[in-house]
Every structure is written in structure tokens, then in C-alpha cells.
Amino acid sequence: MARNIAALSLLVRDYDEAIAWYTTVLGFDLIEDTRLGEDKRWVLVAPKGSGQTRLLLAKAVGPEQTAAIGHQAGGRVFLFLHTDDFAGDYARMQSLGAHFREAPRTEAYGTVAVFEDLYGNAWDLLRLASDP
């Protein structure tokens with residue numbers, strides 16, 4: 001039996017601002033944007049050529065969900081964006097306003113820098129040492 005994680009929900013404040021940030025700053029593709037009612041949409045984004053894993057941009061509803069925007073992992077790195085062009089992606093993302101918490105560093109596992117999405121969730125931009 002083959003299985004995979006198809007999508008991860010990411011709480012957002014506004015669909016359109018989230019779509020703009022993820023497609024512009026991170027260069028993700030907008031996979032789907034389907035209206036499910038007056039104020040609800042099914043919005044999937046994914047890195048170009050990423051295969052099957054997507055982010056579901058889920059608009060927060062109510063105070064509990066709204067309070068969790070930007071804190072989905074309690075301040076720890078939440079998502080890991082692998083790249084085969086670390087220097088190019090780092091420079092492009094910085095030029096488009098991504099906030100990096102640190103300068104790139106080399107670790108045994110690869111080159112990494114922690115950045116924040118538009119809501120403050122921490123991500124690793126990562127080129128694995130095992131990548132060609």
C-alpha cells in the first residue's frame with residue numbers, strides 16, 4: 001500500500017494575501033483555489049515540481065484559530081523547504097522581503113537558514129549535503 005502526506009493545513013489571516021506571498025516570495029504554484037461558500041475556499045499551493053505534498057491555506061475562523069496564526073509550531077521550525085539552489089533562492093527570497101532570522105550556515109546535514117513566512121511561522125531553507 002502506497003501512502004503519502006497530501007497536504008498540511010496552514011492557518012492564514014486572508015486567502016489572497018497568503019496566495020500572493022507564497023506564490024511571489026516562495027515561488028510556489030497555486031494548485032487550486034475553489035470557493036466553498038461565501039467566506040471559505042479550498043486553496044492549495046506547492047513548490048514548483050514538488051510532487052504531491054501541498055499546503056492548504058486555511059483561513060482562520062474564531063479567536064482560537066486566529067491566535068494560532070504564525071505560531072503553529074510553538075516557535076520551532078515548522079516546515080522545511082529543500083532546494084538545489086540555496087544561494088539563488090536565498091538571494092531571491094531576501095530581495096522579495098522574506099525575513100531571515102539568521103545568516104546561512106553550514107551544518108553536517110547541509111546549508112540552512114531559518115526564515116519566517118508572512119505570519120511568523122519558522123521555516124528552514126535547506127540544501128542537503130547529499131544533494132548533487
According to a hydrophobic-cluster definition based on side-chain heavy atoms being under 4.5 Å apart (Ile, Leu, Val, Met, Phe, Trp, Tyr only), do [X] and [Y] belong together?
X      : Y      : answer
Leu8   : Leu81  : yes
Leu30  : Leu96  : yes
Phe115 : Val112 : no
Val12  : Phe78  : yes

Donor-acceptor check, side chain of [X] to backbone of [Y], threshold 3.5 angstrom: yes or no?
X     : Y      : answer
Gln72 : Asn121 : no
Glu32 : Leu44  : no
Tyr15 : Val43  : no
Arg92 : Val25  : yes
Asp29 : Ile31  : no

Residue pair Leu10 / Tyr22: nearest heavy atoms and the distance that separates them: CD2-OH, 2.9 Å
Would you say [atom1] of [X] has more than 12 non-hydrogen atoms from neighbouring residues, nucleotides or ligands within 6.0 angstrom?
X      : atom1 : result
Leu36  : CG    : yes
Arg105 : CZ    : yes
Arg101 : CZ    : yes

Please determine whether side-chain contact (heavy atoms from CB on, under 4.5 Å) holds for the pair Leu26 and Trp123, giving the CA-CA distance in whole Å, both sets of side-chain angles, and the decisive distance to 0.1 Å. CA-CA 11 Å; Leu26 294 189; Trp123 291 60; 4.1 Å; yes
